[in-house]
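Structure first, commentary second.
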Amino acid sequence: MSQQTPSKQEKIWQTVLQIPAGKIASYGQIADLAGLPGRARLVGKTLGLAPDELRLPWYRVMRSGGQLAFAAGTPQALAQQQLLLAEGVIVRNGRVAKDFWWQPDLAELLFKLQY
DNA sequence: ACTATGACTGATT
DNA sequence: TAATCAGCCATAG
């Protein structure tokens, strides 16, 4: 069957959409799961390009170590913290605890993404 | 083809 | 624990 080779953008967006509410993932983790190891920076750039219609949970993506994606005090960082708190993710000192890290079942995830 | 840039990382200090 | 550094690689000019 004709494989609709998803663009890197689509792969990244689809992967981010799999992060469940109340959980977070890192840029590098998303890159790996999307089949783009080593492209953490591309993930960040691509999230910024995502149209609002996708309702992409961009705020569930953080830096390695669970730090907020943006510099502390910036409007973006505050928005991210607020959105996470609304889902029960406790943000303290600009970072979240290990308990909130997304640990997907790879078999299930790969099936959903169909790569 | 080359350089600069960035919603990044991991190791080092 | 926090700040710095160097490596990273797709994109844009």
Side-chain angles (χ1 to χ4, degrees):
Chain A
M1 78 191 197
S2 56
Q3 163 80 356
Q4 293 284 330
T5 61
S7 67
K8 292 171 185 174
Q9 266 189 2
E10 294 173 280
K11 285 183 178 178
I12 291 171
W13 291 339
Q14 283 304 309
T15 305
V16 171
L17 285 170
Q18 306 305 317
I19 308 175
K23 293 289 179 179
I24 65 95
S26 73
Y27 292 100
Q29 185 180 1
I30 294 301
D32 288 346
L33 294 174
L36 301 167
R39 279 58 158 193
R41 304 186 80 141
L42 180 62
V43 171
K45 180 167 295 186
T46 303
L47 285 186
L49 299 175
D52 296 350
E53 301 85 79
L54 280 182
R55 305 289 170 80
L56 211 60
W58 59 270
Y59 52 86
R60 294 181 191 147
V61 185
M62 312 187 75
R63 299 193 197 182
S64 67
Q67 306 165 67
L68 289 172
F70 304 90
T74 65
Q76 298 260 53
L78 294 175
Q80 180 170 37
Q81 174 169 331
Q82 187 170 5
L83 287 165
L84 288 175
L85 287 173
E87 293 188 343
V89 177
I90 300 172
V91 181
R92 209 174 70 159
N93 292 325
R95 113 175 5 180
V96 305
K98 242 181 177 179
D99 318 338
F100 300 106
W101 278 82
W102 180 36
Q103 296 176 4
D105 177 88
L106 290 185
E108 181 184 353
L109 179 68
L110 293 175
F111 176 74
K112 287 183 178 175
L113 295 177
Q114 305 215 330
Y115 288 166

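Below, chains carry the letters A, B, ... as their sequence lines are ordered, and counting in each starts from 1.
Under a 3.5 Å cut-off, the side chain of A:Arg39 and the backbone N or O of A:Pro37 do form a donor-acceptor pair. Between the side chain of A:Gln80 and the backbone N or O of A:Val61 there is at least one donor-acceptor pair closer than 3.5 Å.
Within residues 82-102 of chain A, no residue has a heavy atom under 4.0 Å from DNA chain C. Sorted by residue number, the list of members of residues 50-73 of chain A with any non-hydrogen atom under 4.0 Å from DNA chain C is empty. Remark: nothing in residues 14-35 of chain A comes within less than 4.0 Å of DNA chain C through any heavy atom.
Along DNA chain B, read 5' to 3', the first and last nucleotides having any atom under 4.0 Å from a heavy atom of chain A are B:dG6 to B:dG10.
Linking Ile, Leu, Val, Met, Phe, Trp and Tyr residues whenever their side-chain heavy atoms come within less than 4.5 Å leaves A:Leu78 and A:Val91 in two separate clusters. Linking ILVMFWY residues whenever their side-chain heavy atoms come closer than 4.5 Å, directly or via other members, places A:Ile12 and A:Leu106 in the same cluster. A:Leu110 and A:Leu33 are assigned to two separate hydrophobic clusters, defined by single-linkage of ILVMFWY side chains at heavy-atom distances under 4.5 Å. Hydrophobic clustering, with ILVMFWY side chains joined whenever heavy atoms are under 4.5 angstrom apart, keeps A:Leu85 apart from A:Phe70.
With values rounded to the nearest 0.5 angstrom, A:Asn93 atom CG is found 11.0 Å from A:Gln67 atom CD. Here the straight-line distance linking atom CD of A:Gln81 with atom CE of A:Met62 works out to 8.5 Å at 0.5 Å rounding. Residue A:Leu54 holds its CG atom at 8.0 Å from CD of A:Gln14, rounded to the nearest 0.5 Å. For the atom pair CD of A:Glu108 and CG of A:Leu113, the computed distance is 10.5 Å after rounding to the nearest 0.5 Å. Separation of atoms CD1 (A:Ile30) and OG1 (A:Thr46) is listed at 11.5 Å; rounding is to 0.5 Å. Rounding to the nearest 0.5 Å places CH2 of A:Trp102 at 5.5 Å from CD1 of A:Ile19.
For residues 76-99 of chain A, every residue pair satisfying the salt bridge (Lys or Arg N to Asp or Glu O under 4.0 Å) rule, not counting sequence neighbours, is listed here: A:Arg60-A:Glu87.
Counting only N and O atoms by type, the side chains of A:Ser7 and A:Glu10 include a donor and acceptor under 3.5 Å apart.
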Measure all distances between protein nitrogen or oxygen atoms and nitrogen or oxygen atoms of nucleotides 11-13 of chain C, and list the pairs falling under 3.5 Å.
none

